[in-house]
Amino acid sequence: MRDAMSTNEIRLLVEFYSSDRGRSLREAELNNGILEHSGRFQQWYADTGFYGLDDDRQLAVKALESAMQATEGAVDAMIGMQVAMQVSLSPALPAEQRLSPQELLSAAQGQRTELTHAYRKSSLATIAFVFKDQPIEAIEAYTDVLQTAAGQNFVSALNTGLTKGLFNAAEQLGVSIQEILVGRVGQGA
């Protein structure tokens with residue numbers, strides 16, 4: 001990924017997100033976020049779910065999920081969190097049980113296929129729910145924008161930022177847990 005987007009790339013994204021269609025898609029993201037509306041999501045999932053959609057909508061959602069790199073971003077974040085947590089806890093382990101960061105990363109990467117399969121189902125359901133009230137043409141337009149160089153740079157920057165943020169949070173949590181463990185071991189726990 002490049003360090004900066006060109007003026008034309010930024011303009012393309014601003015124009016899209018400022019358009020009526022872009023505003024409508026942003027509103028859908030806000031109004032149908034599964035964290036805030038988990039009950040509605042669960043009901044939709046039970047009633048319809050991704051596989052209850054017609055073929056055209058399923059294809060549109062799959063294309064958008066791919067353009068968003070949603071599964072790949074989630075898997076990268078999960079692997080990063082797992083490695084960060086384990087690296088930060090490693091000093092609390094006996095020396096013979098410690099793995100190097102590279103060994104931990106290699107072990108975590110060994111789970112990539114399983115994680116990708118599990119997260120893809122989740123990503124498809126989430127995206128289908130978020131954009132359930134949007135016409136297929138709007139979903140396809142969003143996909144088209146995200147498939148441009150500007151869109152892919154934007155998606156990569158978002159996913160990289162999310163992964164780094166989650167990695168740092170996991171590392172800090174691991175350090176805190178390590179301090180608790182060391183304190184408990186020192187107390188005979």
Side-chain angles (χ1 to χ4, degrees), residues 1 13 25-26 28-89 99 101-134 136 138-174 177:
M1 184 182 83
L13 293 174
L25 289 163
R26 280 195 336 266
E29 290 175 325
L30 294 172
N31 294 334
N32 295 323
I34 64 169
L35 294 177
E36 297 86 17
H37 305 289
S38 61
R40 281 192 354 206
F41 173 74
Q42 292 301 325
Q43 188 62 55
W44 171 86
Y45 190 82
D47 292 346
T48 306
F50 176 75
Y51 296 103
L53 303 175
D54 66 48
D55 291 345
D56 290 339
R57 186 164 282 275
Q58 281 187 27
L59 288 173
V61 169
K62 284 180 180 179
L64 180 57
E65 190 276 340
S66 178
M68 288 178 154
Q69 301 174 26
T71 298
E72 291 78 10
V75 170
D76 287 343
M78 182 58 65
I79 287 173
M81 286 172 40
Q82 182 179 350
V83 170
M85 180 72 82
Q86 290 174 335
V87 165
S88 64
L89 288 173
L99 297 176
Q102 190 55 41
E103 290 170 317
L104 291 169
L105 182 59
S106 179
Q109 291 288 4
Q111 298 174 340
R112 182 171 287 280
T113 300
E114 287 175 45
L115 290 171
T116 298
H117 181 71
Y119 276 96
R120 179 148 291 118
K121 286 181 181 179
S122 175
S123 291
L124 290 171
T126 299
I127 292 167
F129 174 74
V130 167
F131 299 112
K132 65 185 178 60
D133 300 320
Q134 295 292 311
I136 290 175
I139 295 169
E140 291 171 339
Y142 196 18
T143 300
D144 291 345
V145 167
L146 292 180
Q147 287 177 331
T148 65
Q152 287 300 287
N153 285 333
F154 178 66
V155 166
S156 292
L158 287 175
N159 286 337
T160 298
L162 178 62
T163 298
K164 285 181 179 180
L166 291 172
F167 182 91
N168 290 339
E171 187 175 39
Q172 290 172 359
L173 178 61
I177 292 171

Keeping to residues at least two apart or across chains, list the salt bridge (charged side-chain N to carboxylate O under 4.0 Å, His left out) pairs with something in residues 110-125.
E65-R120, E72-R120, D76-R112
To the nearest 0.5 Å, what is the distance between CD on E36 and CZ on F41?
13.0 Å
Less than 3.5 Å apart, which donor and acceptor atoms pair up between the side chains of residues 140-147 and the rest of the protein, not counting sequence neighbours?
residue: Y142; atom: OH; partner: Y17; partner atom: OH; Å: 3.3
residue: Y142; atom: OH; partner: E29; partner atom: OE2; Å: 3.3
residue: T143; atom: OG1; partner: L64; partner atom: N; Å: 3.4
residue: T143; atom: OG1; partner: I139; partner atom: O; Å: 2.9

Taking all heavy atoms of T71 and all of S123, pick out the closest pair and write down the distance.
OG1-OG, 3.4 Å
Let me check something: any side-chain donor-acceptor pairs from residues 101-108 under 3.5 Å, sequence neighbours excluded? List them with distances.
residue: E103; atom: OE1; partner: S100; partner atom: N; Å: 2.7
residue: E103; atom: OE1; partner: S100; partner atom: OG; Å: 3.4

Find out whether Q111 and Q82 are in side-chain contact, i.e. whether some heavy atom of one side chain is under 4.5 Å from a heavy atom of the other.
yes
According to salt bridge (Lys or Arg N to Asp or Glu O under 4.0 Å), who are the partners of R40, at least two apart in sequence or on a separate chain?
none
When rounded to the nearest 0.5 angstrom, what is the spacing between CZ in F129 and OG in S38?
9.0 Å
Tell me every residue that passes side-chain contact (heavy atoms from CB on, under 4.5 Å) with F50, counting only those two or more places apart in sequence or in another chain.
L53, Q58, V61, K62, L124, A128
How long is the straight-line distance from CG of D133 back to CG of N31, given to the nearest 0.5 Å?
9.0 Å
Closest approach of A138 to L25 (non-hydrogen atoms, all atoms of both residues):
O-CD1, 3.9 Å
Pair listing, side chain to side chain donor-acceptor pair (under 3.5 Å) test, anchored in residues 47-57, at least two apart
Q43-D47
Heavy-atom closest pair, residues A67 and Q152:
O-NE2, 2.9 Å
